[in-house]
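Shown next, in C-alpha cells, is the structure this report addresses.
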Amino acid sequence: MNTTHRHSGTRRSRWALAPLAVLATALLTGCQQAQQGLSIGDMSSAFNREIAWMSIWAVALSIIIFLGVSFALFYTVQKFREDKHDAPPAQFHGNNKLEVWLVAVPVVIVIFLSVLTVRSMAILNPTPDQATKIDVLAKQFWWNFEYPTIKADAGGNVANGNEMLMPTKQPVALTVTSGDVIHGFWAPNIGGQRAAMPAVKKTWQVDTDRAGVYQGNCSQLCGASHANMRYKVVALEQARYDATLAAMKAYRAPEPAAGSPEALGYQLFMQGKPETKAASCAGCHRIQGTPAAGVVGPDLSFFGTRRTLGAGMWEGEKAREMLIPWLKHAPHVKPGALMPTYDGSEYRANGKLQKGGVLTDEEINALAAYLRSLKLPEEADYWRDVPVIGASGNGGTQ
Ligand code: CUA
C-alpha cells in the first residue's frame with residue numbers, strides 16, 4: 001500500500017469517526033460526564049506552532065498560485081476567443097524565453113515548499129538527548145506508557161496504563177509501537193499523530209507549555225473497541241512532574257492487613273482460584289513491588305490513583321462504579337476486550353468462544369478493594385488541581 005494513500009485514509013477515517021466516537025461515548029455514558037475535546041490548533045505546543053507557521057506559508061502560496069492561474073485562464077479565454085476566420089492560433093514553439101519561464105516558476109515554487117517542509121521536519125524530528133523518554137505500547141484496546149529511564153526501586157521500569165504523565169515546556173520523546181495490529185497515537189493538543197505499528201518503533205517528540213489533562217484517542221480503525229481505546233495525557237510543571245515520578249519510582253504496592261478484603265483480593269490477584277477456573281490477574285498484569293509482572297495487559301501499579309477505567313471508557317465516579325461489572329465480565333461491557341470473565345459467562349476472545357472462571361461477589365469486591373488500594377501517596381496524585389483542557393458538558397468529576 002502506498003504510504004500517502006494510507007496516510008490520507010487515516011486522516012479521513014479520523015474525521016469520519018470523531019462524531020461517531022462522541023456519539024458512542026454519549027450513549028454509553030448517558031451524557032453524565034464531561035466530554036473532553038481534541039484540538040489540532042492548540043498553540044500551547046511548539047510542535048503545533050511550527051506546523052501552523054508552515055501551513056500559513058503553504059496556504060498563502062496556494063492562494064497566490066490559484067489567483068495567478070485563474071487570471072491567466074480568464075485572460076487567455078477572453079483575449080484569444082475563436083475568431084470568425086478560423087485561422088490557426090499563433091504558435092510559440094521555439095519561444096525559448098516563454099519556455100524557460102514556464103519551467104522556472106514551478107521549480108521555484110516547489111523548491112520554496114520543499115525548503116519549508118524540510119525546515120519544519122528538521123526542527124520537529126530530531127530527538128534531543130535530554131528529552132524525557134516514554135515508551136508507548138498500543139494494544140487492542142488500551143495503552144501502556146513506560147518510562148525506560150526510570151527504574152523502580154522495587155524492580156522493573158515505572159509504567160502506567162492509559163494515563164501518560166509528561167513534563168511541560170520541554171520536548172518529550174515518544175517511542176511508539178504496537179503489540180498486535182496498527183493503532184494510531186493521537187493526542188493533537190501536544191502535537192501530531194503517529195501510527196503505532198507492530199515490530200516497528202518510531203520516535204517522535206511532543207510538547208506543551210501548559211499543565212493540564214489532555215485527551216488522547218486511537219486514530220486508526222483497529223477493531224471492535226477502536227472508539228474505546230482512549231487515554232489521558234497529564235502534563236505537569238517540571239518540579240511537580242519530577243516529584244510525582246520520584247514517588248512512582250519509590251512506590252511499592254501496599255501490603256494488605258491479614259484478614260482484610262484487600263488481603264483476599266491480593267491472594268486472588270496473584271493466584272486466581274484454580275478450583276473454579278478463575279485465572280490469576282498476575283499472569284497478565286504488573287503491579288510494582290509485588291510478584292505480579294505480567295505484560296499482556298496494562299500496568300496496574302497505580303490503579304487506585306487512576307481516574308479512568310477500560311482505557312478511558314469511563315471516568316471519575318462512573319469509572320469507580322464500573323469496576324465491579326468490569327471485573328465480572330469485561331468483554332460484555334467493552335466489546336473485544338481480551339480480559340476473561342469472572343462470573344462464568346461465555347465470551348469471545350481471538351475469535352474463539354470461551355468460558356470464564358467464577359468468583360463470588362465477595363471475591364470480586366475483594367479484588368476491587370485491593371485494586372483501589374494501589375495508590376500513590378496523596379501528594380503524588382497527578383490528577384489533583386490539574387485543569388482539564390477542552391472539557392465541556394457539566395464539568396464532570398475531575
Ligand atoms: Cu487502536 Cu483504533
Side-chain angles (χ1 to χ4, degrees), residues 1-18 38-128 131 171 173-174 176 182 184-197 200-207 219-221:
M1 201 202 282
N2 175 313
T3 352
T4 329
H5 278 151
R6 188 170 57 215
H7 207 85
S8 64
T10 309
R11 206 167 287 163
R12 227 172 293 128
S13 68
R14 169 216 297 174
W15 289 117
L17 285 164
L38 304 163
S39 168
I40 52 171
D42 189 338
M43 290 301 132
S44 64
S45 162
F47 186 106
N48 289 346
R49 287 196 295 270
E50 177 59 33
I51 297 294
W53 183 90
M54 189 187 81
S55 306
I56 288 169
W57 282 98
V59 169
L61 189 61
S62 305
I63 291 171
I64 293 170
I65 294 169
F66 174 77
L67 293 176
V69 170
S70 305
F71 173 79
L73 182 68
F74 285 109
Y75 176 79
T76 316
V77 165
Q78 278 301 324
K79 173 139 187 182
F80 302 105
R81 277 167 186 274
E82 188 184 14
D83 65 21
K84 289 155 197 115
H85 313 293
D86 246 351
Q91 301 296 302
F92 56 84
H93 180 75
N95 185 341
N96 288 342
K97 203 171 153 193
L98 183 64
E99 285 179 10
V100 166
W101 273 106
L102 288 181
V103 172
V105 170
V107 166
V108 168
I109 292 169
V110 169
I111 288 175
F112 182 69
L113 285 174
S114 304
V115 167
L116 277 183
T117 310
V118 171
R119 178 189 172 278
S120 290
M121 285 168 72
I123 290 172
L124 298 177
N125 278 344
T127 302
L174 304 179
V176 183
I182 302 176
F185 180 98
W186 191 43
N189 293 75
I190 58 168
Q193 176 201 51
R194 271 297 180 283
M197 292 194 279
V200 176
K201 287 187 174 180
K202 290 211 234 172
T203 299
W204 113 103
Q205 41 166 315
V206 294
D207 73 283
S219 59
Q220 178 77 43
L221 186 59

Just by distance, do the side chain of R49 and the backbone of M43 share a donor-acceptor pair under 3.5 Å? yes
Considering only heavy atoms from C-beta outward, does the side chain of F47 approach that of V206 to under 4.5 Å? no
Taking all heavy atoms of A173 and all of T203, pick out the closest pair and write down the distance. CB-CG2, 4.3 Å
Rounded to the nearest 0.5 Å, what separation is found between the CG atom of L102 and the CG atom of N95? 9.0 Å
Euclidean distance, M121 CE relative to L116 CG, rounded to 0.5 Å: 13.0 Å
I'd like to know if the side chain of N48 reaches the main chain of G41, judged simply by a donor and an acceptor atom lying under 3.5 Å from each other, with no hydrogens or angles considered. no
Considering all heavy atoms, the nearest P106-V103 contact: CD-O, 3.2 Å
Check whether more than 12 heavy atoms from other residues, nucleotides or ligands sit under 6.0 Å from atom NZ of K201, and answer yes or no. no
Nearest heavy-atom approach of W186 to Q193 is CD1-CB, 3.2 Å
Looking only at heavy atoms, what is the nearest atom pair of S120 and M54, with distance? OG-SD, 3.4 Å
Between CD on residue E99 and NE2 on residue H93, distance to nearest 0.5 Å: 7.0 Å
With no hydrogens and no angle check, is any side-chain donor or acceptor of D207 less than 3.5 Å from a backbone partner on S45? no
Shortest non-hydrogen contact from I123 toward Q205: O-NE2, 4.4 Å
For a 4.5 angstrom cut-off between non-hydrogen side-chain atoms, does I51 reach L124? yes
Atom pair CH2/NZ of W204 and K202 - distance to nearest 0.5 Å: 9.5 Å
Short side-chain to backbone donor-acceptor contact, N189 and L38, under 3.5 Å: no
Is L67 close to F71 at the side-chain level, that is, under 4.5 Å between some pair of heavy atoms? no
Passing option when V115 is tested against I111, V118, T117 for side chain to side chain contact (heavy atoms under 4.5 Å, CB included): I111
Under the 6.0 Å and 45° cation-pi test, does R119 pair with W53? yes
